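For reference, the structure is listed below as structure tokens.
Predicted model, so just to flag it, every value in this text is computed and none were measured.
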Amino acid sequence: MTNDNPALQSAVRKATIRLLPFLGLMLILNFLDRSNVGFAKTAYQADTGISDAAYAFGAGILYLGYATFEVPSNLIMQRVGARLWLSRIMITWGIVSACMVFAHTPTSYYIVRFLLGVCEAGFYPGVLLYLTYWFPAKQRARATGLFYLGVPLSLVIGAPLSGWLLTHHDVLGLTNWQWMFAVEGIAATIVGILALFFLTSRPNEAKWLTAEEKNALNAVIEAEERSKLSEVKHSVFSVLKDWRVLAFIGIYLFIQIGVGPITFYLPARLAQALGGGVNTWVGVLLGLPWLCALFATRFFTVYADKHDNHRIVCIAMLTAGTIALGTIGLTMNPWVMVIAACIAVPGLASSQPVFWSLPTRYLGGVGAASGIAFIVSLGNLGSFASPQIKAYVDAATGNGDIGFYILAGCCFLSVVLLIALGSHRRWIADAEPAAGSNRTH
């Protein structure tokens, strides 16, 4: 069954229209609920007295909960189905996120953030696995890119929204930061309930596909799975013995280290450069880099799919992103900071759906479920480490800029690993056994 089969193309088109906008909406709320603590930082610390070190630990502890339960969550999703499990994840994380209104002490802050990571565990790798059920390999980076548009959209929409919510005080007896957490958490729970009625776990269950479309799509997906499994067989834990999977984990970890300061520190830093607190105007300015990422995600995923050069594209994007991240630490000029962020955010965030085309083309079966989850869970430890590294460096040097340089240097190690990965051509042969494929990832 070829990828230009009309029934296959029709099935992919219907899946794109039906599933990706809703999955993108889920990701918008997911990223907003994990990053809104960065917008609330100044007001939250002023109101509760939580120190910089406690803030950094709580910001990062989410990813410890995330990492602990990521693999079990993905394996459960394989058994119970994506519709039920992705809905459960979203409903519970929305409830826990709203519970930040009660986090007035470091201990309660740590507990809520850790539980938020536990509840979110499995969402992102679960969707990545879910996309392998619906989209053939040659269209998957594009599909992943459309889903990943939820990340820049979450900040294009969410940054001004969070800034606006923080200008409201004593609504229903809540402080401004409590109001923000309550509104954004409840929104996630509502969308999670709607997902129960909207998502479809597998093509065979889709009432909106014809029998011919189901057969065409299943034939290609199953052929790709057989091809991967005939080349590389993985059990749940054997993926961790595969050097390629370890390289993927390292790449993703260093990318997350670079994204950390953008998520947790850029809002307060830009507000400081502008001489005030986080408000609607700061939120609008912070939305600009994510608007750039919105267009970059679509352009580079389509370009990488068309030219089949995902590794090279990813290297170029991450190199530009890490240089721009270091530049943010060099300046307190708000306009230079925004321009640097307009390069750093697309470079570090929009490169991720391009990167994900590499492991998803290599891993199949149980290895895909556990391998993707291990890459996300262990890689996301970078998001835990990032604020801890910055807080330590800032305290040790008394300089809030140096942490940005250190984190940018760590992030550049992702480029080093991508280059090293490309120096060994055999994994491409494993991932793409079909003759005639381009082997320049």
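- Of the possible polar contacts, none joining the T200 side chain to the R202 backbone as a donor-acceptor pair under 3.5 Å is found.
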(request) In sequence, state the C-alpha distance, the side-chain angles, and the governing distance for L64 and L381, and then conclude on side-chain contact (heavy atoms from CB on, under 4.5 Å). (result) CA-CA 7 Å; L64 291 183; L381 291 177; 3.7 Å; yes
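- Residues N309 and Y303 are in side-chain contact: their nearest non-hydrogen atoms beyond the backbone lie under 4.5 Å apart.
- The minimum heavy-atom distance linking A56 with Q388 is given by the pair O-NE2, 2.8 Å.
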(message) Walk me through whether D394 and N399 qualify under side-chain contact (heavy atoms from CB on, under 4.5 Å).
(response) CA-CA 5 Å; D394 290 353; N399 187 329; over 6 Å; no
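- In this structure, the side chain of S386 does not engage the main chain of G382 through any donor-acceptor pair within 3.5 Å.
- Between the CD1 atom of I251 and the CG atom of L413 there is a distance of 11.0 Å, given to the nearest 0.5 Å.
- A salt bridge links R269 with D401: the distance from a Lys NZ or Arg NE/NH1/NH2 to an Asp or Glu carboxylate oxygen falls below 4.0 Å.
- Under the 4.5 Å side-chain criterion, counting only non-hydrogen atoms from C-beta, V12 is in contact with P136.
- In terms of heavy atoms, A344 sits closest to L325 at CB-N, 3.8 Å.
- Rounded to the nearest 0.5 Å, atoms CD1 (I61) and CG (L116) are 11.5 Å apart.
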(request) Would you please test L270 and L286 for side-chain contact (heavy atoms from CB on, under 4.5 Å) and show each step? (result) CA-CA 8 Å; L270 180 59; L286 288 169; 3.7 Å; yes
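- Considering all non-hydrogen atoms of both residues, S383 and Q256 come closest at OG-CB, 3.4 Å.
- From L330, atom CG reaches atom CE of M337 across 10.5 Å, with rounding to the nearest 0.5 Å.
- D305 contributes atom CG, which lies 8.0 Å from atom CG of D308 (distance to the nearest 0.5 angstrom).
- Partners of T92 according to the side-chain contact (heavy atoms from CB on, under 4.5 Å) rule, which considers only residues two or more places apart in sequence or in another chain, are R88, C119.
- Of the candidates I76, I89, L199, L196, L84 forms a side chain to side chain contact (heavy atoms under 4.5 Å, CB included) with just one, namely L196.
- Of the possible polar contacts, none joining the S414 side chain to the I255 backbone as a donor-acceptor pair under 3.5 Å is found.
- Taking CZ of F123 as the start and OH of Y130 as the end, the distance is 11.0 Å to the nearest 0.5 Å.
- Using a 3.5 Å distance cut-off with no hydrogens or angles, the side chains of E184 and S162 do pair a donor with an acceptor.
- Of the listed residues (Y109, W177, Y44), just one forms a ring-ring contact (aromatic ring centres under 6.0 Å, His included) with H104, and that residue is W177.
- Under a 3.5 Å cut-off, the side chain of Y133 and the backbone N or O of S201 do not form any donor-acceptor pair.
- W93 has its side chain out of reach of V96: every pair of non-hydrogen atoms, C-beta onward, lies at least 4.5 Å apart.
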(message) Using side-chain contact (heavy atoms from CB on, under 4.5 Å), reason through V118 and L62 one step at a time and then give a plain yes or no.
(response) CA-CA 8 Å; V118 172; L62 175 148; over 6 Å; no
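- The cationic group of R18 lies under 6.0 Å from the six-membered ring centre of F198 and within 45° of the ring axis, placing it in a cation-pi geometry.
- The shortest non-hydrogen separation linking F248 to L358 is CE2-CB, 4.0 Å.
- In the displayed structure, Q272 atom CD is contacted under 6.0 Å by at most 12 heavy atoms of other residues, nucleotides or ligands.
- Side chains of Q45 and D52: a donor on one and an acceptor on the other come within 3.5 Å.
- Shown here for W134 and A15, the closest heavy-atom pair between the two residues is CE3-CB, 3.9 Å.
- Looking only at side-chain heavy atoms (C-beta outward), S73 and W85 come within less than 4.5 Å of each other.
- A centroid separation of less than 6.0 Å is found between the aromatic rings of W290 and F31.
- Put simply, the side chain of V37 does not reach to within 4.5 Å of the side chain of K41, judged on heavy atoms.
- A296 and P346 make their closest contact through CB-CB, 3.8 Å (heavy atoms, listed as atom of the first residue, atom of the second, distance).
- With values rounded to the nearest 0.5 angstrom, S350 atom OG is found 11.5 Å from F295 atom CZ.
- With contacts defined as side-chain heavy-atom distances shorter than 4.5 Å, the pair I375/P125 does not qualify.
- You'll find the side chain of I343 stays beyond 4.5 Å of the side chain of T327, heavy atoms only.
- Counting heavy atoms from C-beta outward, V191 and M26 have side chains that approach closer than 4.5 Å.
- Panel note: side chain T331, backbone I328; no donor-acceptor pair is recorded below 3.5 Å.
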